[in-house]
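The structure appears right after this line, and notes come after that.
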Amino acid sequence: MNTGFYPGCSLNGTSREYNESVRAVAAELGLKLTEIDDWNCCGATAAHSMSRELSVALPARVLALAERQGFDEVLVPCASCYNRLSVAAHELARDEELAAKVGAAVGMAYSGKVRIVNVLQYLQEHAAQLLPGKIRHNFAHRVACYYGCLLVRPHKVLGFDRLEDPQSMDGMMRAIGAEPIDWAFKTECCGAGLSVSRTDLVGKLSANILGDARDRGAEAVVVACPMCHSNLDMRRTAINKCLDEPTDIPVLYITQAIGLALGLSRKALGLQRHIVEVKLQ
Amino acid sequence: MEDKKRLSIKLAEDIGVDVSRCYQCGKCTAGCVLAPDMDIAPSFLMRLLQTGTEKADARVLGSTAIWLCLSCENCVARCPMEIDLPAIMDHLRELSRTGGRVNEKARPIVAFHKSFLDMVKHNGRTYEIGLVAEYKMRTMRLMQDVDIAPTMMAKGKLNIVPERLKDNGDKVGRIFANTIDKKD
Amino acid sequence: MSKIGVFICHCGENIGATVDCAKVAEAAASMEGVAFATDYKYMCSDPGQTLIKNAIREHRLDGVVVGACSPRMHEPTFRKACAEAGLNPYLCEIANLREHCSWVHPKGDDTTEKAIEIVHGLVEKVRRNSPLTPIHVPITKKALVIGGGIAGIQAALDIANCGHKVILVEKEPSIGGHMSQLSETFPTLDCSQCILTPRMVEVAQHPNITLYTYAELDSLSGFIGNFEAKIRLKAKSIDESLCTGCGLCTTKCPQKKIPSEFNAGLGRRTAIYVPFPQAVPNKPVIDKEHCTHYRTGKCGVCEKVCPTHAIRFGQEDRIINEQVGAVVVTTGFNVLGTDFFPEYGYGRYADVITGLQFERLASASGPTLGEIRRPSDGKVPEKVVFIACCGSRDPAKGIPYCSKICCMYTAKHAMLYQHKVHGGESYVFYMDIRAGGKNYEEFVRRAIEEDHVNYVRGRVARIYEKEGKLIVKGVDTLLGATPVEIEADMVVLATAGVSNQGSEELAQKLHISYDPYKFFAEAHPKLRPVETNTAGIFVAGACQAPKDIPETVATASGAAAKVAALFSQPDLVREPLVAVVNRSAPPVFSTCVGCFMCQTACPYQAIEREEIKDRSGKVIKVVAKVNPGLCQGCGTCVAFCRSKSIDLQGFSNQQMFAEVEALLETTN
Amino acid sequence: MSNDNNSAFEPRIIAFVCNWCTYAGADLTGTSRIKYATNVRIVRFPCTGRIDFLLLLKAFASGADGIIVSGCHPNDCHYTSGNFHARRRWMVFRSLLDTLGIDTRRIRYSWVSAAEGAKWADLVNDTVATIRELGPYNEYKKVADYLGKEAGDE
């Protein structure tokens, strides 16, 4: 299996700890990841808010590159990129006219051969069987697994996990000794698309999420999406304004939690980069 | 001529969504995290599209709701008729922008998207400092987020210089020229 | 030279607006063998039929083609008219110009041309029709009713009261069906059990009714008037002749934690059990799946305590044969599981329940003795949310149709809750209120105006639990689509009514049609609502589609009337559309070579061997012979016959070849 | 392509259907006012089990460009097993037709129940499109004409 790695812009910028922790966990488990050469931005929310063609064309270039570079699958840790790449692949396969236009715009065709996997799928398929022997100490904490919207929806396109009350992340957390809680905001949107332009709304939506996790006794929120992470971690001032009582609940990437269980250093996992300090071991 | 065409017809032709299938159960609104903050809640927006009047169409294109929609897809996931509301929102945004109907209050959102795409156009990837700088210039919200930027810088979350593709983004620039910036 | 009459019906605008009927009649007039052709506004009307009759007499017609609606609609009407004018009814054929032409094509020359060709095909066919006489067969005047809910009970009683024998088969240990589970009934709020149980007892005591509970239909063969049913009597593990129904066994059975079907999972029952105290028959059965003795060979407590030694662990299923003349299918419906709505709680939250479960909570015979207490902790809920259309009108996750009964029972539930819990608050989330029916709308208004149930127009997006409350996130679409959030103590889902498990298999056993939702199909949705396409098999109640009690009872009585009408005839007159093996003069006798391929193909064992003997009694030849009493006219034997010696009356080779040729002729 | 002016070509399709399922299904198409191509002519049989395959040859000889045979779904036959017999006979017959050089793409075998009005319309439209693509069935007509002439000469 030749797995390509598409970090996307966030993992090279604001969320570089996600990048670091994905690579660190993969390396620790002996899994090889090769970054797609010369990749470009997927366009994210902005592109599909402004132009359908552009929103398909940007991911199409990435997919065409991956295909040319001989990858069977591409790991896309960023949930937003994962969503955009998956939707674009779906649109290209479904709409011949669009595929032709996009192919011409990009200057490369994509034939649909590359499988797009998110970090949870990747971990389940490649890492889960390797974990038992490698865990140094259990990540024995009550955690709220937060999937957000982009990993599970649109379900017909992504076909990943259960639409309401997904379980894959909960399963991974149990595997490293954590106790995932049953809570109500697993797949509710945190408002990432408006993070900069309507911080007020993002504060409110993210406050609902953190408030519920805290109220139900979670010690940390675990995420698999850099948008969710930067909202829940960096927008804490705005969030706390919307909560009756401010919260300092930390927000971890799933790979950071696994990394801790594998005994990797906090620095290797980029934990020092968080705005809200992570004290959990 | 083209612009006089009713939105419902455009939606059917352009993206294949039939607004008459909506029977106004409101489940989209009930599950929408931003419905309370929208000037037109999703199901109400569907109703306006169904009426097919010029006034209703203008109200939809000039709404803030279409710009607030986060594309979280909760609505379509639960819609009993599986009406692709996020796709409708995407298309309405495109029509609103190209038709010059963007609501005053939604300008910062559009500005952000534009700034974001400009970064991508010129570099092939996003570049947060450049993005925020451009966004601030567009919106004149100069003081926004000045509190967290230094922290982010210190934590190594911001790149000082933009990452670029091998050819300085020419390939990606071409994609823009052939899609969103296409003149026809 | 034949003298065919062609009659083109406009069917008002239905055919006339699309097909140029005058032109069709004109074209027909010039067809070979046609002596008379005309068109008329409504051919099925009295003047229309008179027109046909007069033409038959006046022009001495020897064949008739009526171009009208589907023969499935009015073939009997026009054949009867022909017979009244002295023409053999089987010399009349129907050209389907409505369903197969005017309704499916636009107005234009092509459509009129098609109509002409259809008529031409049938003119050529009818030229080769032979006069036929109906066949008389005896009727077994005993009915089989499958399903012992209110529909089956009503049908069985009505038929039995007409003086005919009835066999009632019920798969559960007791008759009563869903109605026995209901608390009060809309719109009168009378107690369901109080009006049902006397009927159940009447069934058990009726001299004309044989009741088999814990029994299922194994197979059905034969045809109208002459069916043979094999019925499987599932082992009850008791000797019913000895059991007195004292109930000691059920109190002593150590398996006490089995979810009770009768209480929709809200109560518990034992492994040897009577489903409910008013059950008919009031004798227990052993549920082999849960019984310790059947699972491990141990226990046997019931056997030890039974004062009459009626327990029979070794008992096996028994199959009995019954000859019946008619069958009424009344197998009822089922409710959709809540797991269809993950966003409403997956069955994760104990206090999110179905409407049927609420019936049990509200019923005096239920697990809470009629007090509304929520399942999780037994507390009286202070705020209850009722959600209509759970699965109904939901093509994405549920079913596209409207379940019809939910609007009414939800109003009833909310009303019962308000009556039982003073100061309680109730909300109904609905899309439309469908309260068509006698006193139905008034009933809903009462719930809103007098019992102050809060009706909110909109669907609920999701429900989650927080600090012991169920957070219901809905919307009020009448307030310009405003999101609404309610902290409820209990939520009741009006889950969709769906077809019963096994309905598809049953339909296949009975050879009756069913719709895409596996509800049984009636022969005609308006004019033959309790008949099926298979003669002698009738349907009633919610096995056709979700129905309320009055409608269920009405269809059951309707089906019973159909059975009684059938049984009122001395014998059965059947269409002579049966196969025949040709006969000719000696020495050939028949072109049949006696290969009996037809015998293997015939699904009805209608083909016999006939020995042709000479005067001395020596067998010269063995040929096939069709028993017209058994033959159903499928014609499979005709296609199988290698020597073309067997033919189907009404659909003979000559007729069909001529029709096909004529349909295509105009192009050549 | 066997024909140059396919655009003007209107295929002649004949449909052999059973009375209980497909005929009723086609009635439902009408009751539901679903529109379909006018090219089809329906012949009613009690059951697909009745359909003698010589009738198919007769239809081609009489000028049909395509044929639909449609009855009840498996297990739903009004006469228990007529549709199975028809199906089995079709399997054998098809290879025979192939050997004889008859274009079996022109015979469409399907199941349409009494509840599938829309499916009937789709089946007809789809068959019309297929046959339009294949063009008129001139080959068979030529043979039939030739045989007819031979027979007439005798």
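Predicted, not measured: the structure shown is a model, and the values here were computed from it. Naming: A, B, ... by sequence-line order, numbering from 1 per chain.
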* Please indicate whether C:Q654 has more than 12 foreign heavy atoms, meaning atoms of other residues, nucleotides or ligands, lying under 6.0 Å from its CD. => no
* With a 4.5 Å heavy-atom cut-off, do D:V40 and C:H100 have their side chains touching? -> no
* To do: Could you please state which residues from residues 19-29 of chain D sit under 4.5 angstrom from chain C, measuring non-hydrogen atom to non-hydrogen atom, sorted by number, or 'none'?
  => D:N19, D:W20, D:Y23, D:A24, D:A26, D:D27, D:T29
* Asked: Under a 4.5 Å cut-off applied to non-hydrogen side-chain atoms, are C:L664 and D:R12 in contact?
  -> yes
* Structure fact -> Residue from D:C72, D:A115, D:A121 scoring the most non-hydrogen pairs under 4.5 Å with chain C is D:A115
* Asked: Considering all heavy atoms of both residues, which atom of C:C634 and which atom of D:P46 are nearest to each other, and what is their separation?
  -> O-CG, 3.7 Å
* To do: Measure from the side-chain N and O atoms of D:R50 to the backbone N and O of C:L648, and report whether any donor-acceptor pair falls under 3.5 Å.
  => no
* Asked: Does a side-chain heavy-atom distance below 4.5 Å link C:D110 with D:E10?
  -> no
* To do: Could you tell me the separation between the OG atom of D:S62 and the CD atom of C:E665, rounded to the nearest 0.5 Å?
  => 8.5 Å
* Structure fact -> Comparing C:A521, C:G650, C:G633 against chain D, the one with the most heavy-atom pairs below 4.5 Å turns out to be C:G633
* **Pick from C:V104, C:V638, C:N96 with the largest number of heavy-atom pairs that fall under 4.5 Å of chain D** => C:V104
* Asked: When rounded to the nearest 0.5 angstrom, what distance separates CD in C:E659 from CD1 in D:I14?
  -> 7.5 Å
* Asked: At a heavy-atom separation under 4.5 Å, does C:Q508 approach chain D through its side chain, its backbone, both, or neither?
  -> both
* chain C contact via D:V124 - side chain, backbone, both or neither, heavy atoms under 4.5 Å -> neither
* Contacting region of D:R44 [heavy-atom separation from chain C under 4.5 Å] -> both
* Could you tell me which residues satisfy ring pair (Phe, Tyr, Trp, His ring centres under 6.0 Å) with C:F519, sequence neighbours excluded, listed by chain and number? => C:Y401
* Asked: Does D:H85 use its side chain to pair, donor to acceptor, with the backbone of C:A601 at less than 3.5 Å?
  -> yes
* Which heavy atom of D:G49 sits nearest a heavy atom of C:A639, and at what distance? -> O-CB, 3.2 Å
* Asked: Can you name the ring pair (Phe, Tyr, Trp, His ring centres under 6.0 Å) partners of C:F78, sequence neighbours left out?
  -> none
* Contact class of C:N653 relative to chain D, heavy atoms under 4.5 angstrom -> both
* To the nearest 0.5 Å, tell me how far C:H524 NE2 sits from D:T31 OG1. => 7.5 Å
* Asked: Can you tell me if NZ on C:K644 sees more than 12 non-hydrogen neighbours from other groups inside 6.0 Å?
  -> yes
* Asked: If you tally heavy-atom pairs under 4.5 Å against chain C, which of D:D52, D:T48, D:T38 wins?
  -> D:T38
* Residues which pass side-chain hydrogen bond (donor to acceptor under 3.5 Å, both in side chains) with C:N582, listed by chain and number, not counting sequence neighbours -> C:S590, C:T591
* Gap separating the CD1 atom of D:I51 from the OG1 atom of C:T636, nearest 0.5 angstrom -> 10.0 Å
* Would the number of heavy atoms belonging to other residues, nucleotides or ligands and lying under 6.0 Å from CZ of C:R642 be above 12? -> no
* To do: Specify the closest pair of heavy atoms between C:H105 and D:K35, including all atoms of both residues, with the distance to one decimal.
  => N-CD, 3.8 Å
* Most heavy-atom pairs under 4.5 angstrom with chain D, which of C:S513, C:S70, C:C602, C:C69? -> C:S70
* Nearest 0.5 Å, what's the CG-CD1 distance between C:L663 and D:I42? -> 10.0 Å
* Quick one: NE2 on D:H78 to OG1 on C:T532, what's the gap to the nearest 0.5 Å? -> 8.0 Å
* Asked: Considering only heavy atoms, which portion of D:I34 lies under 4.5 Å from any heavy atom of chain C: side chain, backbone, both, or neither?
  -> backbone
